Asker: 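Would you mind keeping the following structure in view while I ask a few things?
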Amino acid sequence: MNSNIITLALSKGRIFEETLPLLAAAGIEVAEDPEKTRKLILPTNRPDVRVVLVRASDVPTYVQHGGADIGVAGKDILIEHAASNGDNDGLFQPLDLNIAKCRMSVAVRADFDYEAAVKQGARIRVATKYTAIAREHFANKGVHVDLIKLYGSMELAPLTGLADAIVDLVSTGNTLKANHLVEVEQIMNISSRLVVNQASLKLKRDTIRALIQAFESAIPA
Ligand code: PRP
């Protein structure tokens, strides 16, 4: 890791867009639009700050192992990362940025009686990318589930008979509606957090503390 430069790991899409105002509060403007370039390292107006574009689920890995000094990651991603790595060691989480807000929910086909299946103690087949969150949720409810790991397009699983239910992120609810699924349970609210590499926090203390303060001052209500 270059000792003079701060590397910030972001994922494209909503997290990138909603982090821009926080960066602006720190006097940082990203020089290129990630939707219009194939570059993965984006310079900023500050010579000591650069952005790296990574998959959302890779942000904790980059920051934990020092590929980036700081990053922005959803609570969903952080929970799943800790579960599959045994911990979030070396990953300091100083701020809930209150951006990219959505919820983790259980959804089923409109013609599937979820309540009845739960009451009867039936085994429910649940497709999800978020296996740690789903496992814990159903264990706490005492519901037996067969988890089916998917990497995307979860909505398809109940429609094709692969699963009875899905655990997925819901924001506007439009994706569920378009696929004739209904939300039957909300598991938790999700927002994105600032994550900081512990070693970077010590070695680049002044710059990182200033960034944390600027971000904190601009967190949306
Ligand atoms: C998420 C989620 C749903 C959709 C929900 O996918 O998996 O498909 O957003 O949003 P809505 O309630 O506003 O319709 P995302 O676009 O983050 O991409 P993904 O395929 O990586 O899950």
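Below, each value reflects all heavy atoms present in this structure, side chains not excepted, and no hydrogens, waters or symmetry copies. Remember, it's 1-based here, ligands and their atoms both numbered in the order they're listed. Keep in mind that what you see is a predicted model, and the values were worked out from it rather than measured.
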Asker: Hey, is atom 11 (P) of ligand 1 touched by any protein heavy atom at less than 4.0 Å?
Answerer: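 Given the 4.0 Å cut-off, atom 11 (P) of ligand 1 counts as touching protein heavy atoms.
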Asker: Are any of the side-chain heavy atoms of Lys141 and His137 separated by less than 4.5 Å?
Answerer: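 Counting from C-beta outward, Lys141 and His137 do come under 4.5 Å.
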Asker: So do the side chains of Ile99 and Val72 get within less than 4.5 Å of each other, counting heavy atoms only?
Answerer: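 Counting from C-beta outward, Ile99 and Val72 do come under 4.5 Å.
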Asker: Between Thr44 and Val49, is there a donor-acceptor pair closer than 3.5 Å when you use the side chain of the first and the backbone of the second?
Answerer: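 It does hold such a pair.
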Asker: Give a yes/no verdict on whether any heavy atom in Arg14 is under 4.0 Å from an atom of ligand 1.
Answerer: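 Not so, Arg14 does not reach ligand 1.
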Asker: Please identify which atoms of ligand 1 are closer than 4.0 Å to at least one heavy atom of Glu155.
Answerer: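 Every atom of ligand 1 under 4.0 Å from some heavy atom of Glu155: 3 (C), 8 (O).
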Asker: Identify the heavy atoms of Gln198 and Leu91 that sit nearest to each other, and give their distance.
Answerer: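 Where Gln198 meets Leu91 most closely, the heavy atoms are CG-N, 3.9 Å.
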Asker: Between Asp164 (side chain) and Ile124 (backbone), is there a donor-acceptor pair under 3.5 Å?
Answerer: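 No: the side chain of Asp164 does not pair with the backbone of Ile124.
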Asker: Atoms of ligand 1 less than 4.0 Å from Ser171 heavy atoms?
Answerer: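 Per the distance check, 10 (O), 11 (P), 12 (O), 13 (O).
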Asker: For atom 17 (O) of ligand 1, is the nearest protein heavy atom under 4.0 Å away?
Answerer: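 No, no protein heavy atom sits under 4.0 Å from atom 17 (O) of ligand 1.
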Asker: Relative to atom 13 (O) of ligand 1, which among Asn174, Thr172, Thr175 owns the nearest non-hydrogen atom?
Answerer: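 Among Asn174, Thr172, Thr175, the closest heavy atom to atom 13 (O) of ligand 1 belongs to Thr172.
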Asker: Just which atoms of ligand 1 are under 4.0 Å from any heavy atom in Lys129?
Answerer: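 In order of numbering, the contacting atoms are 19 (P), 21 (O), 22 (O).
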Asker: Ignoring hydrogens and angles, tell me if any N or O in the side chain of Arg125 forms a donor-acceptor pair with the backbone of Gly161 under 3.5 Å.
Answerer: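 Here the side-chain-to-backbone pair exists.
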Asker: Heavy atom of Met154 under 4.0 Å from ligand 1?
Answerer: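 Not so, Met154 does not reach ligand 1.
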Asker: For ligand 1, which atoms sit closer than 4.0 Å to a heavy atom of Leu169?
Answerer: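 In order of number, 2 (C), 3 (C), 5 (C).
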Asker: Is there a side-chain contact between Met188 and Ile190 (heavy atoms, below 4.5 Å)?
Answerer: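 A side-chain contact exists here, since the closest heavy-atom pair is under 4.5 Å.
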Asker: What pairs of donor and acceptor atoms, side-chain ones from residues 14-27 against any protein atom, are under 3.5 angstrom apart with sequence neighbours left out?
Answerer:
residue : atom : partner : partner atom : Å
Arg14   : NE   : Glu18   : OE2          : 2.9
Arg14   : NH1  : Lys101  : O            : 3.0
Arg14   : NH1  : Ser171  : OG           : 3.4
Arg14   : NH2  : Lys101  : O            : 2.9
Glu18   : OE1  : Ala100  : N            : 2.6
Thr19   : OG1  : Ile15   : O            : 2.6

Asker: Taking N or O atoms only and a 3.5 Å limit, does Ser153 qualify as a polar contact for ligand 1?
Answerer: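 No, Ser153 has no N/O under 3.5 Å of an N/O on ligand 1.
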Asker: Would you say Gly173 contacts ligand 1, with heavy atoms under 4.0 Å as the rule?
Answerer: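 It does; at least one heavy atom falls under 4.0 Å.
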Asker: So, the side chain of Thr37 versus the backbone of Pro34: is there a donor-acceptor pair under 3.5 Å, distance only?
Answerer: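 No, because the side chain of Thr37 does not come within donor-acceptor range (under 3.5 Å) of the backbone of Pro34.
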Asker: How about atom 7 (O) of ligand 1: does it have a protein heavy atom within less than 4.0 Å?
Answerer: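 True for atom 7 (O) of ligand 1.
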Asker: Below 3.5 Å, N or O to N or O, backbone or side chain included: is there any such pair between Asp168 and ligand 1?
Answerer: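 In this structure, Asp168 places an N or O atom under 3.5 Å from an N or O of ligand 1.
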Asker: Please could you name the atoms of ligand 1 that Val170 approaches to less than 4.0 Å, counting only its heavy atoms?
Answerer: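 Atoms satisfying the 4.0 Å criterion: 12 (O).
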